[in-house]
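Below is one structure, written out as structure tokens; the observations come after it.
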Amino acid sequence: MRLCGDVEMPRAWYLAGFKGASYPTVPSAAEQSEAAREGTIDDLALAFPEKRLQAALFNDVKACKCGKPCAFTLEACNACGASLKEVEITKSENVFSAFLFGVKKAQKGFPYTISLRRQTSEVLIFDDMLALTPCHLNGISSKYYIPDWRFLLTDPAAALKLLDVLEDELWTATLPFLQNAEFRRKIFKGNLTDEEIRGKVMKSFNFPPSQFQMHIQWLVPPLVPFQHYMAELRNHFHEGRAFPVSYVRKVLQLNEPYEVMKDTPISDIIAFYDKKGVVYKDCWTEFFEKCIQDSIECANWSPEDFEYVVDAGKAYSFKVENGSIVKGAVVEGVNPGDLQKKDCAALQNYGRPYTVEGKPSGTYIKTPLEPKIGPGGYQDWPGVFSPAPMRDLEDREKCCAIC
């Protein structure tokens, strides 16, 4: 792959050991607000025991030893890479619901503050805590509880309108990054226009998600060096878990509603729309290949900014010779895992500006929802708390997903 200055490097390697304090960053301009509710999500659940609300407060996950709650179908943690094959499925706090209700802290005691980028009556947009790119945002509805993208299928017309709103607001939240001249110069190779960059944004849903409040993963390329390496190994954007927004839009544009229950197999949904002419595997393959290519085309990482090159899990010294990175000797005592953690803190925009202690900062949302289902709280999305109107599905049982 070609880096800053047209320096060539094998795609099986990645740069590590950033030399400075941070790459150019774009601080959040969000107004600071206090938590609306003391205590944890468990305290909220005890105070408001309505069954429908309870369903919105917790997730089914595999909890990795590194602390990350992972989707229950994953075999390896998508943060640290540890095996999850023997990890049991448990319940975890729905962090995104905690954000929307203004809950003060997690069960482990840390504050549920957000690296907030944008809030409206329709959406909440914030930096991903485990950012894969320097600008990695999550966009969620601040109006509806929608566990995951499957429930969009219950009302295709309304779903397309919701996606239009989410994508437009995510783009609005992206513009301050692009308007920062230093960020733009260091991150993007060449003279890409705003619209060219928008066309390269990696947009997808995960199923199952790690947080059961439907969110668009919005990654503005390039992937940071280690995460690009992981993507090359197919450890990101997994087939069968990553569902490109482009695929979901094509499915919705068929205007063929599909009744969804909490336990509706994703394989059944894929098969149903495959037969309608929207083939998931084709859409995913195009998406995955484009993600890798766009990351390569945008990547402007300068070898001068990094101490090491990592190959096959070992850190090496390197030099640039005749326009290519030339690997030197293994550097003893240097752990690539430690380099990844330090580089993540240096390259991410999550929690900017950092505190005087060098920790990410954040805030609570200004206008939290009331802890209920109905006006002022989560509004009812068709098929989640009440039956969705189905068309041409008389042979299937009509009932709601959460009773």
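Any value given below was found using the heavy atoms of this structure, including those in side chains, with hydrogens, waters and symmetry copies removed.
Checked against the 6.0 Å centroid criterion, the rings of His215 and Phe205 do not qualify as a close aromatic pair. In summary, the aromatic rings of Tyr112 and Tyr364 are positioned with their centroids too far apart to meet the 6.0 Å limit. The aromatic ring centres of Tyr378 and Tyr144 sit 6.0 Å or more apart. Ring to ring, Phe272 and Tyr258 are close: their centroids are under 6.0 angstrom apart.
Between the side chain of Trp284 and the backbone N or O of Phe237, at least one donor-acceptor pair lies under 3.5 Å. At distances below 3.5 Å, not a single donor-acceptor pair connects side-chain atoms of Glu232 with backbone N or O atoms of Tyr229. Of the possible polar contacts, one joining the Ser361 side chain to the Pro353 backbone as a donor-acceptor pair under 3.5 Å is found. Not a single donor-acceptor pair under 3.5 Å links the side chain of Lys319 to the backbone N or O of Val326. The backbone N or O of Ser121 sits nowhere less than 3.5 Å from a side-chain atom of Lys143 that would complete a donor-acceptor pair. At distances below 3.5 Å, at least one donor-acceptor pair connects side-chain atoms of Tyr273 with backbone N or O atoms of Glu256. Checked by atom type and distance alone, the side chain of Ser324 never pairs as donor or acceptor with a backbone atom of Val320 at under 3.5 Å. Using a distance-only test at 3.5 Å, with no hydrogens or angles considered, no donor-acceptor pair links the side chain of Gln379 to the main chain of Gly374. Panel note: side chain Thr363, backbone Ser33; a donor-acceptor pair is recorded below 3.5 Å. The closest donor-acceptor contact from the side chain of Thr285 to the backbone of Asp282 lies at 3.5 Å or more, if one exists at all.
Within the 4.5 Å cutoff, side-chain heavy atoms of Leu15 are placed close to those of Ile325. Taking the side chain as every heavy atom from C-beta outward, Leu100 and Leu124 approach each other to under 4.5 Å. Asp60 is not listed as a side-chain neighbour of Pro208, based on a closest heavy-atom distance of 4.5 Å or more. Inter-residue side-chain proximity for Met214 and Trp381 is flagged as unmet; no heavy-atom pair is nearer than 4.5 Å. Counting heavy atoms from C-beta on, the side chains of Ile125 and Gln119 never come closer than 4.5 Å. Glu182 is listed as a side-chain neighbour of Asn180, based on a closest heavy-atom distance under 4.5 Å. Taking 4.5 Å as the limit, some side-chain heavy atom of Arg2 sits within range of a side-chain heavy atom of Lys189. In this structure, Leu347 and Trp301 have side chains that are in contact, with non-hydrogen atoms separated by less than 4.5 Å.
Using bins of under 30°, 30° to 60° and over 60° for the plane-to-plane angle, the ring pair Trp149/Phe243 lands in the tilted bin.
For Ser22, the side-chain contact (heavy atoms from CB on, under 4.5 Å) partners are Thr25, Arg352, not counting sequence neighbours. For the side-chain hydrogen bond (donor to acceptor under 3.5 Å, both in side chains) test, no residue two or more places apart in sequence or in another chain qualifies with Ser141. Remark: Thr355 pairs with Glu357 by the side-chain hydrogen bond (donor to acceptor under 3.5 Å, both in side chains) rule, at least two apart or across chains. Applying the salt bridge (charged side-chain N to carboxylate O under 4.0 Å, His left out) rule to Asp128 yields no partners; only residues at least two apart in sequence or on another chain are considered. Not counting sequence neighbours, the partners of Tyr247 by the ring-ring contact (aromatic ring centres under 6.0 Å, His included) test are Tyr280. The side-chain hydrogen bond (donor to acceptor under 3.5 Å, both in side chains) check on Gln340 picks up Tyr14, with sequence neighbours excluded.
Across all their heavy atoms, Cys70 and Leu84 have their closest contact at CB-CD1, 3.7 Å. Nearest heavy-atom pair, Phe101 versus Ala36, reported as atom, atom and distance to 0.1 Å: O-CB, 4.0 Å. Between Cys298 and Pro221, the closest heavy-atom pair is SG-CG, 3.9 Å. Between Cys283 and Pro244, the shortest heavy-atom contact is O-CG, 4.2 Å. Taking every heavy atom of both residues into account, Ala16 and Val310 meet most closely at CB-CG2, 3.8 Å. For the pair Ser142 and Val123, the tightest heavy-atom approach, listed with the atom from each and the gap, is OG-N, 3.0 Å.
Rounded to the nearest 0.5 angstrom, His228 NE2 and Ile296 CD1 are separated by 4.0 Å. With rounding to the nearest 0.5 Å, the separation of CD1 in Ile146 from CG in Leu162 is 5.0 Å. Taking SG of Cys291 as the start and CG of Leu223 as the end, the distance is 7.5 Å to the nearest 0.5 Å.
Geometrically, Arg52 engages Phe385 in a cation-pi contact defined by less than 6.0 Å to the ring centre and at most 45° from the axis. Under the 6.0 Å distance and 45° angle rule, Lys372 does not count as a cation-pi partner of Phe48. Remark: Arg234 is positioned above the aromatic ring of Phe288, its terminal NZ or CZ atom under 6.0 angstrom from the ring centre and at most 45 degrees off the axis.
Checked by atom type, the side-chain pair His136/Gln217 shows a donor-acceptor distance below 3.5 Å. A donor-acceptor contact closer than 3.5 angstrom is absent between the side chains of Glu93 and Asn59.
More than 12 heavy atoms of other residues, nucleotides or ligands shown are found within 6.0 angstrom of NZ on Lys19. Within a 6.0 Å radius of CG in Asn191, no more than 12 heavy atoms belonging to other residues, nucleotides or ligands are found. Open room surrounds CD on Glu286; 12 or fewer heavy atoms of other groups in view lie less than 6.0 Å from it. Within a 6.0 Å radius of NZ in Lys200, more than 12 heavy atoms belonging to other residues, nucleotides or ligands are found. When the shell of 6.0 Å around NZ of Lys290 is examined, it contains more than 12 heavy atoms from other residues, nucleotides or ligands. Within a 6.0 Å sphere centred on NZ of Lys314, heavy atoms belonging to other residues, nucleotides or ligands number 12 at most.
Between Asp164 and Arg249, at least one side-chain nitrogen of the basic residue sits less than 4.0 Å from a carboxylate oxygen of the acidic one, meeting the salt-bridge criterion. Residues Glu88 and Lys62 are not paired through a salt bridge, judged by the lack of any N-O separation under 4.0 Å between the basic side chain and the carboxylate.
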Exercise for the section: Could you walk me through whether Phe18 and Leu339 pass side-chain contact (heavy atoms from CB on, under 4.5 Å), step by step? Expected result: CA-CA 8 Å; Phe18 179 65; Leu339 296 177; over 6 Å; no
Practice task
Carefully, step by step, assess Val224 and Thr133 under the rule side-chain contact (heavy atoms from CB on, under 4.5 Å).
Solution key: CA-CA 5 Å; Val224 297; Thr133 70; 5.5 Å; no
Practice task
Could you walk me through whether Gln213 and Asn94 pass the side-chain hydrogen bond (donor to acceptor under 3.5 Å, both in side chains) test, one step at a time?
Solution key: CA-CA 8 Å; Gln213 169 65 339; Asn94 188 327; 6.0 Å; no
Practice task
Could you please spell out the steps behind the side-chain contact (heavy atoms from CB on, under 4.5 Å) verdict for Val245 and Leu166?
Solution key: CA-CA 11 Å; Val245 171; Leu166 280 166; over 6 Å; no
Practice task
Please step through side-chain contact (heavy atoms from CB on, under 4.5 Å) for the pair Phe188 and Asn300, ending with a clear verdict.
Solution key: CA-CA 5 Å; Phe188 300 108; Asn300 201 36; 5.8 Å; no
